[in-house]
*Asks:* 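Take a look at this one; I'll ask things after.
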Amino acid sequence: MSRRFVPVDRRILERNIKARYHAGDIGTEDALNLFDELIQVAGPSSVRAINCLLTVVGSDCPALGVSLFNRVARTKVPPHNVTYGILVDCCCRAGRLDLGHAAMGHVIKLGFTAEAIVNFSHLLKAICAEKKTSYAMDIVLRIMPEFNCVPNIFSYNILFKGLCNEKRSQEALELIQIMVEDGGCCRPDVVTYSTVIDGLLKEGEVDQAYRLFSEMLRQGVSPNIVTCNSIISGMCKLHAMDKAEEVLQQMLDRRILPDVTTYTSLIHGYYSLGQCEEVDRVFKEMPRNGVQPNIITYSIQMDYLCKNGRCTEARKIFDSMISLG
DNA sequence: CTAGGGTTAG
């Protein structure tokens, strides 16, 4: 019998699993049943179908994903690097960073490291979540290169998020400068800048945040609606309304249409400064850009009115909301 | 088949 002979049953099952996975048509229960079925007849060709099933189960219940992996390990199906990637993610999300490290140990032993960039990302994210970003930085800057695994922008962006979460946005700024000056393949992108600008604003550094936003534009990195809303919201919370308006203007210049979140942030900011004329101006501007207030916008408005002895006006808005549905 | 950022209130 040819070694490349794959039993028909197995092949049909594998093909069926992959097709259903790509159609988004496998729930956790289905995946468990299919796994039981497949594992009976599984061979080396089954690993991709197994990866699909592990992904489904693991994203719903990481601990169950780990136990399925252990069942795979007892068969004659050698896991791929990707299988280990799914495993690392399951371990980390199950709160078992120790097992995540152990799984990476297997990846290293099996010589998968050069292609294990995503596996490292899962681990880095979990390490940063434990506020051990310095350790994550050591992995990115020293350990990964030692294993010929070249860190990419994802690796760095995980570090940036970790630094900002630890209120170390100054170090994040320095790292951005190093990446820009290096001019290599790993330049800061929209996620990098958005993350660090957000971190600076959460530390109250309006001027630095605004400077970094300008730097981002100068570097030719385009913001998106999500980026802008984050910046505008942060600036409004710090009562830097002039800066928030400048960012709004930059949005309009770049044909990024403000949405209800953008305007609601501005309205909240102006109310908190007691600048009702500005609030009125924003309310008038919204429909001109095709944006309607939502329940949050009205709640902010009613909150302000009630706290300033204008309950009758608030009541009118409340009633109008009902008639607006 | 596995990876990164964010937003409006109370």
Side-chain angles (χ1 to χ4, degrees), chain A residues 14 17-18 21-22 26 31 46-59 62 65 69 79-93 100 103 107 112 115-126 128 136 140 149 151-165 172 186 188-199 201-202 216 221 223-237 244 247 258-269 271-272 282 286 291 293-304 306-307:
Chain A
E14 289 167 3
I17 288 168
K18 283 184 254 182
Y21 178 86
H22 287 115
I26 304 185
S46 309
V47 67
R48 281 169 181 273
I50 285 173
N51 289 345
C52 295
L53 298 175
L54 282 178
T55 300
V56 171
V57 174
S59 60
F69 177 89
H80 278 180
N81 178 50
V82 171
T83 322
Y84 280 101
I86 300 164
L87 174 65
V88 172
D89 183 42
C90 286
C91 293
C92 292
R93 283 190 299 109
V107 170
F112 287 150
E115 51 191 285
I117 184 81
V118 180
N119 310 42
F120 274 113
S121 284
H122 289 301
L123 200 63
L124 290 168
K125 194 181 165 186
C128 289
V140 171
C149 188
N152 63 13
I153 191 65
F154 282 73
S155 330
Y156 281 99
N157 284 341
I158 294 167
L159 296 183
F160 282 115
K161 182 63 184 157
L163 285 172
C164 291
N165 282 343
C186 225
D189 68 1
V190 59
V191 174
T192 318
Y193 284 109
S194 306
T195 304
V196 178
I197 292 170
D198 189 68
L201 288 170
K202 284 183 173 142
M216 169 183 179
V221 177
N224 55 29
I225 179 70
V226 171
T227 317
C228 293
N229 281 347
S230 162
I231 297 172
I232 289 174
S233 153
M235 289 185 170
C236 289
K237 279 176 182 161
V247 175
D259 63 11
V260 65
T261 304
T262 322
Y263 286 117
T264 302
S265 293
L266 288 165
I267 288 167
H268 190 223
Y271 267 138
S272 63
V282 176
M286 289 173 71
V291 179
N294 66 12
I295 187 164
I296 298 175
T297 324
Y298 287 126
S299 297
I300 290 167
Q301 193 181 22
M302 290 187 292
D303 185 60
Y304 175 83
C306 289
K307 284 175 178 163

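All chains are named by letter (A, B, ...) in the order of the sequence lines, taking the proteins before the strands, and each is independently numbered beginning at 1.
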*Asks:* Would you say Lys202(A) places a side-chain N or O within less than 4.0 Å of OP1 or OP2 belonging to dT7(B)?
*Replies:*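 It does, given that an N or O in the side chain of Lys202(A) lies less than 4.0 Å from OP1 or OP2 of dT7(B).
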*Asks:* Is there a side-chain contact between Thr227(A) and Tyr193(A) in this structure, where contact means two heavy atoms from C-beta onward sitting under 4.5 Å apart?
*Replies:*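 Side-chain contact under 4.5 Å: no.
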*Asks:* Quiz question: going by heavy-atom distance under 3.5 Å, is there a donor-acceptor pair between the base of dA3(B) and the side chain of Asn157(A)?
*Replies:*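 Answer no: no donor N or O sits under 3.5 Å from an acceptor.
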*Asks:* Given dT2(B), dG5(B), dA3(B), identify the nucleotide with an atom nearest to the side chain of Asn224(A).
*Replies:*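 Among dT2(B), dG5(B), dA3(B), the one nearest the side chain of Asn224(A) is dG5(B).
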*Asks:* Between His268(A) and dA9(B), is there a contact of a side-chain N or O with OP1 or OP2 at under 4.0 Å?
*Replies:*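 Checking His268(A) against dA9(B): at least one side-chain N or O falls below 4.0 Å of OP1 or OP2.
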*Asks:* From CG of Asn294(A) over to C1' of dG10(B), roughly how many Å is that when rounded to an integer?
*Replies:*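 Interatomic distance, CG of Asn294(A) to C1' of dG10(B): 14 Å.
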*Asks:* Any heavy-atom pair between the side chains of Ile267(A) and Met286(A) that's under 4.5 Å?
*Replies:*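 Sidechains of Ile267(A) and Met286(A): in contact.
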*Asks:* What is the distance, to the nearest angstrom, from the CD1 atom on Ile231(A) to the P atom on dG5(B)?
*Replies:*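 Roughly 16 Å, once rounded to whole Å.
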*Asks:* Could you walk me through whether Asp259(A) and Thr262(A) pass the side chain to side chain donor-acceptor pair (under 3.5 Å) check?
*Replies:* CA-CA 5 Å; Asp259(A) 63 11; Thr262(A) 322; 2.9 Å; yes
*Asks:* Return the value, rounded to whole Å, for the distance between atom CG of Asn229(A) and atom P of dT7(B).
*Replies:*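 Asn229(A) atom CG is separated from dT7(B) atom P by 10 Å.
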*Asks:* If I take atom CG in residue Leu266(A) and atom P in nucleotide dA9(B), what distance separates them, rounded to the nearest angstrom?
*Replies:*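 About 12 Å, once rounded to whole Å.
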*Asks:* Checking all strands, does Ile267(A) fall into the base, sugar-phosphate, or nothing category for heavy-atom contacts under 4.0 angstrom?
*Replies:*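 The residue Ile267(A) makes no contact with any strand.
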*Asks:* Walk me through it: do Ile231(A) and Met235(A) pass the test side-chain contact (heavy atoms from CB on, under 4.5 Å)?
*Replies:* CA-CA 6 Å; Ile231(A) 297 172; Met235(A) 289 185 170; 3.8 Å; yes
*Asks:* With sugar-phosphate meaning primed atoms plus P, OP1 and OP2, does Val190(A) contact a base, only sugar-phosphate, or nothing at under 4.0 Å between heavy atoms?
*Replies:*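 Here Val190(A) touches the bases of the nucleic acid.
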*Asks:* Distance check needed: dA3(B) C1' versus Glu115(A) CD, whole Å only.
*Replies:*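 Between C1' of dA3(B) and CD of Glu115(A): 15 Å.
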*Asks:* Just compare dT8(B), dT7(B), dA9(B) and give me whichever is closest to any side-chain atom of Thr264(A).
*Replies:*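 For Thr264(A), the side-chain atoms sit closest to dT8(B).
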*Asks:* Among the candidates dC1(B), dA3(B), dT7(B), find the nucleotide nearest to the side-chain atoms of Phe154(A).
*Replies:*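 Nucleotide nearest to Phe154(A)'s side chain: dA3(B).
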*Asks:* Which part of the nucleic acid, if any, lies within reach of Ile86(A) when heavy atoms closer than 4.0 Å are counted: base, sugar-phosphate only, or nothing?
*Replies:*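 If one applies the 4.0 Å heavy-atom cut-off, Ile86(A) turns out to touch the sugar-phosphate alone, with no base involved.
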*Asks:* Ignoring hydrogens and angles, does a donor from either the side chain of Asp189(A) or the base of dG4(B) sit under 3.5 Å from an acceptor on the other?
*Replies:*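 Such a pair exists between side chain and base.
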*Asks:* Restricting to ring pair (Phe, Tyr, Trp, His ring centres under 6.0 Å), what partner residues turn up for Tyr298(A), sequence neighbours left out?
*Replies:*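 Counting only residues at least two positions away or on another chain, Tyr298(A) forms no ring pair (Phe, Tyr, Trp, His ring centres under 6.0 Å).
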*Asks:* Classify the nucleic acid contact of Tyr21(A) as base, sugar-phosphate or nothing, counting any heavy atom under 4.0 Å across all strands shown.
*Replies:*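 Counting heavy atoms under 4.0 Å across all strands, the contact made by Tyr21(A) is with sugar-phosphate only.
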*Asks:* Output, in order, the C-alpha distance, side-chain angles, deciding distance and verdict of side-chain contact (heavy atoms from CB on, under 4.5 Å) for Ser299(A) and Ile295(A).
*Replies:* CA-CA 6 Å; Ser299(A) 297; Ile295(A) 187 164; 4.1 Å; yes
*Asks:* Closest to the Lys237(A) side chain: dG5(B), dT8(B), dA3(B)?
*Replies:*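 Selected nucleotide (nearest to the side chain): dT8(B).
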*Asks:* Roughly, in whole Å, what's the span from CG in Asp198(A) to C1' in dG4(B)?
*Replies:*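 From Asp198(A) CG to dG4(B) C1': 14 Å.
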*Asks:* Nearest-Å distance, CG (Leu201(A)) to P (dT7(B))?
*Replies:*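 So the CG-P distance, Leu201(A) to dT7(B), works out to 11 Å.
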*Asks:* Under 4.0 Å, heavy atoms only, any strand: does Thr195(A) hit a base, just the sugar-phosphate, or nothing?
*Replies:*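 Result for Thr195(A) = sugar-phosphate.
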*Asks:* Indicate, with a heavy-atom threshold strictly under 4.0 Å, whether Ser265(A) touches base, sugar-phosphate, or nothing.
*Replies:*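 Counting heavy atoms under 4.0 Å across all strands, the contact made by Ser265(A) is with sugar-phosphate only.
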*Asks:* Choosing from dT2(B), dT7(B), dA3(B), which nucleotide comes nearest the side chain of Asn152(A)?
*Replies:*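 Looking only at side-chain atoms, Asn152(A) lies closest to dA3(B).
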*Asks:* Counting the atoms with a prime plus P, OP1 and OP2 as sugar-phosphate, which does Asp303(A) contact under 4.0 Å by heavy atoms, base, sugar-phosphate, or nothing?
*Replies:*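 Result for Asp303(A) = sugar-phosphate.
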*Asks:* Do the side chain of Ser155(A) and the base of dG4(B) come within less than 3.5 angstrom through a donor-acceptor pair of N or O atoms?
*Replies:*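 Looking at the base of dG4(B), it does not pair with any donor or acceptor on the side chain of Ser155(A) (distance under 3.5 Å).
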*Asks:* Taking only the side-chain nitrogens and oxygens of Lys18(A), find out if one of them lies under 4.0 Å from OP1 or OP2 of dC1(B).
*Replies:*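 So the side chain of Lys18(A) is outside the cut-off, no N or O lying under 4.0 Å from OP1 or OP2 of dC1(B).
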*Asks:* Figure out the OH/C1' separation between Tyr304(A) and dT8(B), and round it to whole Å.
*Replies:*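 Interatomic distance, OH of Tyr304(A) to C1' of dT8(B): 18 Å.
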*Asks:* Within the modelled atom types, does a donor on one side and an acceptor on the other bring the side chain of Thr261(A) and the base of dT7(B) under 3.5 Å apart?
*Replies:*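 In this structure, the two groups form a donor-acceptor pair.
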*Asks:* Output the single nucleotide from dG5(B), dA3(B), dT7(B) whose closest atom is nearest the side chain of Ser121(A).
*Replies:*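 The listed nucleotide nearest to Ser121(A)'s side chain is dA3(B).
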*Asks:* Counting just side-chain N and O atoms, does His122(A) come under 4.0 Å of either OP1 or OP2 of dG4(B)?
*Replies:*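 No, because none of the side-chain N or O atoms of His122(A) sits under 4.0 Å from OP1 or OP2 of dG4(B).
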*Asks:* Among all residues two or more places apart in sequence or in another chain, which pass the side chain to side chain donor-acceptor pair (under 3.5 Å) test with Ser272(A)?
*Replies:*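 Partners of Ser272(A) by the side chain to side chain donor-acceptor pair (under 3.5 Å) criterion, ordered by chain and then number, come out as His239(A).
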*Asks:* Under 4.0 Å between any heavy atoms, over every strand shown, what does Asn119(A) touch: base, sugar-phosphate, or nothing? Just pick one.
*Replies:*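 If one applies the 4.0 Å heavy-atom cut-off, Asn119(A) turns out to touch a base.
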